Each structure stands twice: as structure tokens, then as C-alpha cells.
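Right, one structure below, let's go through it.
Just so we're clear, the structure is a prediction, and the values are computed from it rather than from any experiment. Numbers here are sequence positions counted from 1.
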Amino acid sequence: MVNEKLTGQRRKYSGGHNIVINLVFTFTALAVQSLSMAICVLIGLVDNSIVWSNVLYVKQQGKVKQVWRRNKQGKLYTEPWKTSLQKAINRRKHRLQLTVDPENLN
């Protein structure tokens, strides 16, 4: 690295000089990550709701039963899945209509 060359202390900060330290740090990081993933999976299996991106998903018998969002006033609300799905499909169709110009397809 440039800074190591300038100071005359090569490989002091890069860690390339001691493979054992690198292996210990790697093993420790993998062990911590595996343990935290296992804990998250267990919490997900036991709990009946999941909060993801500030949206509350309530599950029942392995399926999403309700989806709760917050409106502009901060109150929770939900709507039937057919209405929500129809809104998403309409938004998608509208985006596609705006991006595709039939005259420029040739």
C-alpha cells in the first residue's frame, strides 16, 4: 500500500504478514454470523409477526395473513389483498406504458 511504503513500515496494517491472525479473524466472523443467522431463524419460526421495511407482516399457519402499513399520520392500516394486488398491478402497467413507445420499436 502507498502509505505503508511512505512510512517504511510495510505490511504493518494490511495483515498479510501473519496468516494465522487472518484465519482466526475469518473463523470468528463466520462463527458469529452463523450463530446470529440461527437465532434470527428461530425467532422467525416462533414469532407470529415480522417487521420488514417498517411494514408489519402477520403470519398464520406458515402464510402471510395480514400486512399492516403506516399512513402519513403514523397510524397502522391494512386493506384486503385483492385491492392491494390490483393497485400494484395497475402501477406496474402504468410504468410499462410510460417506458414503452410503440413508434420506436422498429
Side-chain angles (χ1 to χ4, degrees):
M1 301 184 111
V2 176
N3 291 336
E4 293 173 351
K5 289 180 183 177
L6 291 175
T7 60
Q9 299 174 346
R10 298 197 66 182
R11 296 198 178 264
K12 180 178 181 181
Y13 303 106
S14 63
H17 63 284
N18 195 343
I19 191 81
V20 175
I21 292 174
N22 288 341
L23 289 175
V24 168
F25 282 144
T26 302
F27 177 76
T28 305
L30 287 173
V32 169
Q33 193 258 350
S34 298
L35 181 64
S36 64
M37 289 299 292
I39 291 170
C40 290
V41 166
L42 289 175
I43 290 172
L45 289 173
V46 173
D47 199 9
N48 67 345
S49 65
I50 298 169
V51 177
W52 183 26
S53 295
N54 208 16
V55 177
L56 175 67
Y57 297 89
V58 179
K59 61 183 183 172
Q60 185 177 19
Q61 296 176 352
K63 298 179 182 177
V64 175
K65 183 74 173 171
Q66 295 177 340
V67 179
W68 292 88
R69 299 174 186 89
R70 292 195 181 272
N71 60 12
K72 292 180 182 178
Q73 291 80 22
K75 294 182 179 179
L76 286 172
Y77 75 95
T78 188
E79 57 187 24
W81 68 271
K82 288 183 181 180
T83 309
S84 178
L85 183 62
Q86 191 61 42
K87 285 181 183 179
I89 290 172
N90 290 340
R91 278 195 304 261
R92 178 75 175 154
K93 284 182 183 178
H94 182 67
R95 284 189 202 138
L96 287 174
Q97 289 172 354
L98 291 177
T99 57
V100 175
D101 186 11
E103 295 177 4
N104 294 332
L105 290 177
N106 294 332

Smallest separation among heavy atoms of V55 and W68, with atom names: CG1-O, 3.4 Å
Would you say Y77 ends up clustered with L56 if hydrophobic residues are merged whenever their side chains have heavy atoms under 4.5 Å apart, either directly or through other cluster members? no
Evaluate whether atom CZ of F27 has more than 12 neighbouring non-hydrogen atoms of other residues, nucleotides or ligands under 6.0 angstrom away. no
Cluster link L76 to V58, ILVMFWY, side chain under 4.5 Å: yes
Gap separating the OG1 atom of T78 from the CZ atom of R69, nearest 0.5 angstrom: 6.5 Å
May I ask you to decide if Q33's main-chain N or O and S36's side chain share a donor-acceptor pair within less than 3.5 Å? yes
Counting only heavy atoms not in K65, do more than 12 fall under 6.0 Å of its NZ? no
Interatomic distance, R91 atom CZ to Q86 atom CD [nearest 0.5 angstrom]: 11.0 Å
Tell me, do S49 and V51 make a side-chain contact under 4.5 Å, heavy atoms counted? no
List the atom of K59, the atom of D47, and the distance in Å for their closest heavy-atom pair. CE-O, 2.9 Å
Among I39, V41, L45, exactly one meets side-chain contact (heavy atoms from CB on, under 4.5 Å) together with I43. Which residue is that? I39
